[in-house]
Engineer: 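Here's a structure for you.
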Amino acid sequence: MMSASNLVRIVEVGPRDGLQNEPAPIPIAAKVRFIDQLSLAGFPVIEATSFVNPKAVPQLADAVEVMHTIQRTPGVRYLTLVPNERGFERALEADVDAIALFTAATEAFAQANVGTSIDGTFARFAPVLEQARDADMWVRGYVSVAFGCPYAGAVDPDAVASVAERLWEAGCDEVAIADTIGSAEPEQVATVTARVAEVVPMEHLAMHFHDTNGRALANVDAALAGGIRIFDSSAGGLGGCPFAPGAPGNLASEALVAHLEQLGYETGIDRDQLALAVGEIRLALAVARGEGA
Ligand code: MG
């Protein structure tokens, strides 16, 4: 029998992080089917959509309808991104029970991405977090650009730990440390993991790696060695790197599952069912883009 430390929880981010930058409109039925198939594949957490301003991200304008149409499987947590109070109103409308909030490890990224300081991001989501806690929602906090910033360059691990600690103290149930530009290296991952684990309990820490430079799995190994047991990935590797057009972005779930199983970890994922989900969403994307006709 495997010990608890051999269990790895994979947070599937494809439906949100993978699809949000797709320019071709994807039919709601294809999104719902993708999420339902990922539920069948056994992911314990699926980041399903985002309540961003529909004018800013038209692809996710159907977020409320998506959440009302998917088959919510008991035991699966359907996570949704909430950028502000207006987004939270829509999340309530969609009956969600888990939300994710975003901040960044650098002032430059916070300013460029959401037009405010790091303090400003906390001020913005403080009322959301309070209402979410009152509504018994599960809350995830993201720290973007934790290993490198497209504007500020190198990122101090202490700055990452400081933001992670603030998220934890503010009441987040889980803190996800994200390599937004895919620049992380294993030694750096070891350092950041150790530093962040001093301020957030290990079992509430997740890592979100991008494969832009082909190091995502090496970084997973470094985080595993440091004690991390929660990783984000995207079915089919959907979702490129917004800062390196054409380059790989999100780590592919099927690659992560295969890698973890090879190392002797349990993921609970049905790889055949995952392959089906990947095949169907790729086909739906090809049709949406008008390819292969
Ligand atoms: Mg990502």
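Just so it is clear, the structure is predicted and the values come from calculations on it, not from any experiment. The chain is numbered in sequence order, starting from 1. Both ligands and their constituent atoms are indexed starting at 1 by order of listing.
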Engineer: Within a strict 4.5 Å, meaning less than it, do heavy atoms of the H210 and I181 side chains meet?
Structural biologist: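 A side-chain contact under 4.5 Å is absent here.
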
Engineer: Quick one: which residue pairs count as a salt bridge (charged side-chain N to carboxylate O under 4.0 Å, His left out) with a foot in residues 93-109, not counting sequence neighbours?
Structural biologist: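 Sorted pair list comes back empty.
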
Engineer: Could you name each residue pair satisfying ring pair (Phe, Tyr, Trp, His ring centres under 6.0 Å) that touches residues 154-176, not counting sequence neighbours?
Structural biologist: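 Applying ring pair (Phe, Tyr, Trp, His ring centres under 6.0 Å) to every pair that reaches into residues 154-176, excluding sequence neighbours, yields W168-H204.
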
Engineer: Kindly state each residue pair satisfying ring pair (Phe, Tyr, Trp, His ring centres under 6.0 Å) with at least one member in residues 65-103, sequence neighbours excluded.
Structural biologist: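 Only F102-Y142 qualify under ring pair (Phe, Tyr, Trp, His ring centres under 6.0 Å).
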
Engineer: Using a cut-off of 2.8 Å, find all protein N, O or S atoms closer to the Mg ion (ligand 1) than that distance.
Structural biologist: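 The answer, once waters are left aside, is D17 OD2, H208 NE2, H210 NE2, N250 OD1.
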
Engineer: Under the 6.0 Å and 45° cation-pi test, does R166 pair with F122?
Structural biologist: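 Relative to the ring axis of F122, which defines the angle, R166 lies inside both limits.
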
Engineer: Does the N213 side chain pair with the main chain of R215, one donor and one acceptor, at a distance under 3.5 Å?
Structural biologist: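 Here the side-chain-to-backbone pair does not exist.
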
